[in-house]
There are 2 protein chains.
Amino acid sequence: MSETARPREKDLRLDEQLCFAVYSAAHAFTRFYRPLLARLGLTYPQYLVMLVLWEADGLSVGAIGERLRLDSGTLTPVLKRLEKLGLLTRRRAAADERQVVVSLTVTGAQLRTIAEGFPDRIVDASACDGAELDGLRDGLVRLRANLDKAVA
Amino acid sequence: MSETARPREKDLRLDEQLCFAVYSAAHAFTRFYRPLLARLGLTYPQYLVMLVLWEADGLSVGAIGERLRLDSGTLTPVLKRLEKLGLLTRRRAAADERQVVVSLTVTGAQLRTIAEGFPDRIVDASACDGAELDGLRDGLVRLRANLDKAVA
DNA sequence: AAGGTTTCGATTGTGCACAATTGAATTGTG
DNA sequence: CACAATTCAATTGTGCACAATCGAAACCTT
């Protein structure tokens, strides 16, 4: 039983915390994306909404929220700003008037071609090989799923 | 040249994005911590400030910000709320009146003993062994450092 | 068909995060 | 010593994130 193996003064050191590593990396990502997204006039959460719609257009607010794990309280103002930017439209669904269907405009769909260059920039900046980044991503996805399961 | 190896329809799929995995895991963490921190009456960013001060008391606002990578615009209101909760005090430094020194109260220091149980809950909830979590953390720390370097 | 329940998006209020600016205190330079 | 440049925290304004609530629409159930 080595004494040094685990300091065990109950380890609350900031740099030991996985939660802070995640929190801090998330902010580093938004800082990294900021200048890239500035060219599109988007914030990072707005970009996430665009990613969802580029993948599947014509979703309801709720469907977008399910994908991003965000509620209407967050999404409604974001979608309104994207609508004002002329990137998407919002209209009540005919079949179910409670739902609002979000659709890309031509401009919104075209923006995708600029964004296609982004992933490579991440790989370059990260100074890691693709396999390591994929491993990191998969670990995070599993972690998120387990945390969500534990809190539910 | 396999067609299936890399879909190469320019991969902007949400679930492929490392940035979203990090963003999403960060939110999952704050959701997970919320009920734990509710017992202390703290939000997650407030908890981070307490972690810093438990490790080194009597820091200036700038020093806390350097540790958490947050500026005074974010920290000042957070520190004011923690002061109102009676967990810390803020006073101008005698040696340099520009700086504000933040010090824990007895109550603030005592709160640490409750927080000491948190890390184990993360390990339990994550359903991963400690080594895997450490690897994830180290990968994120490197990623953050590289992203910061690239944006600077 | 009628009434309660559920679902959906919007709204309100609180608390980060960050850019930009302000004003006071300090430091550097002539 | 004077005074311009810098540093520090606070302030202002914008935009997420989320809890709580609301009102309308859709769905039961009988």
Side-chain angles (χ1 to χ4, degrees), chain A residues 19-20 23-35 37-38 41-50 59-66 68-85 88-102 148 151, chain B residues 19-20 23-35 37-38 41-50 59-66 68-85 88-102 148 151:
Chain A
C19 62
F20 178 65
Y23 167 92
S24 185
H27 289 308
F29 256 121
T30 73
R31 280 193 297 270
F32 181 85
Y33 267 103
R34 199 180 309 280
L37 292 174
L42 296 179
T43 64
Y44 182 71
Q46 290 167 8
Y47 171 63
L48 289 181
V49 170
M50 296 303 288
L59 296 180
S60 67
V61 173
I64 297 171
E66 199 172 330
L68 298 176
R69 299 194 62 74
L70 295 173
D71 62 15
S72 68
T74 300
L75 282 176
T76 297
V78 171
L79 293 171
K80 282 183 177 175
R81 284 178 203 114
L82 290 171
E83 186 176 38
K84 191 163 288 183
L85 287 171
L88 52 80
T89 61
R90 296 153 65 237
R91 63 174 199 286
R92 290 279 163 187
D96 184 342
E97 292 280 344
R98 290 171 306 180
Q99 297 191 86
V100 167
V101 173
V102 180
D148 282 346
V151 79
Chain B
C19 61
F20 177 66
Y23 166 93
S24 186
H27 288 309
F29 256 122
T30 73
R31 280 192 296 270
F32 181 84
Y33 267 103
R34 200 181 309 280
L37 291 173
L42 297 178
T43 65
Y44 182 70
Q46 290 167 7
Y47 171 63
L48 290 181
V49 170
M50 296 303 288
L59 297 179
S60 68
V61 172
I64 296 171
E66 199 172 328
L68 298 176
R69 299 194 61 78
L70 296 173
D71 61 14
S72 69
T74 300
L75 282 175
T76 297
V78 172
L79 293 170
K80 282 183 176 175
R81 284 176 204 116
L82 290 171
E83 186 177 38
K84 190 163 290 184
L85 287 172
L88 53 80
T89 61
R90 296 153 66 239
R91 63 174 199 287
R92 290 279 162 186
D96 185 342
E97 292 280 345
R98 289 171 306 180
Q99 298 190 75
V100 167
V101 172
V102 180
D148 283 345
V151 79

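In this text, all values refer to a predicted model and were calculated from it rather than measured experimentally.
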Judged by each residue's nearest nucleotide on DNA chain D, which is more toward the 5′ side, P77(B) or L48(A)?
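Residue closer to the 5' terminus by nearest nucleotide: P77(B).
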By salt bridge (charged side-chain N to carboxylate O under 4.0 Å, His left out), which residues pair with R34(A), not counting sequence neighbours?
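For R34(A), no residue satisfies salt bridge (charged side-chain N to carboxylate O under 4.0 Å, His left out) once neighbours in sequence are set aside.
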Who are the side-chain hydrogen bond (donor to acceptor under 3.5 Å, both in side chains) partners of [X], not counting sequence neighbours?
X      : answer
E66(B) : none
R98(A) : D96(A)
E97(B) : none
R69(A) : D148(A)

If pairing requires Watson-Crick or G-U wobble contacts with both distances under 3.5 Å, which nucleotide is the partner of dG30(C)?
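The base-pairing partner of dG30(C), which may sit in any strand shown, is dC1(D).
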Identify every side-chain donor-acceptor pair in residues 23-30 of chain B under 3.5 Å, counting partners at least two apart or on other chains, and give the distances.
residue : atom : partner : partner atom : Å
S24(B)  : OG   : R144(A) : NH1          : 2.7
T30(B)  : OG1  : H27(B)  : O            : 3.0

Below 4.0 Å from chain B heavy atoms, what is the first contacting nucleotide of DNA chain C and what is the last?
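The footprint of chain B covers dG15(C) to dT26(C).
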If the condition is side chain to side chain contact (heavy atoms under 4.5 Å, CB included), which residues does V78(B) pass it with, not counting sequence neighbours?
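If we apply the side chain to side chain contact (heavy atoms under 4.5 Å, CB included) test to V78(B), skipping adjacent residues, the hits are Q46(B), V49(B), R81(B), L82(B).
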Heavy atoms only, 4.0 Å cut-off, all strands: where does L75(A) land among base, sugar-phosphate and nothing?
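Answer is nothing: L75(A) stays at 4.0 Å or more from every strand.
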Check whether any side-chain nitrogen or oxygen of R90(B) sits under 4.0 Å from OP1 or OP2 of dA10(D), and answer yes or no.
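Yes, within the criterion.
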Between protein and nucleotides 19-26 of chain D, map the contacts as a letter string: B base, S sugar-phosphate only, - none, heavy atoms under 4.0 Å, written 5' to 3'.
B-----BS
How many angstroms lie between OG1 in T43(A) and CG in L48(A), if you round to the nearest 0.5 Å?
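Spacing of OG1 (T43(A)) from CG (L48(A)) equals 8.5 Å.
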Take G62(A) and H27(A), find for each the nucleotide of DNA chain C with the closest heavy atom, and name the residue whose nucleotide sits nearer the 5' end.
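Looking at the nearest nucleotide for each, G62(A) comes out on the 5' side.
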Mind calculating the distance between CD1 (I64(B)) and P (dA10(D)) to the nearest angstrom?
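Those two atoms, CD1 and P, are 10 Å apart.
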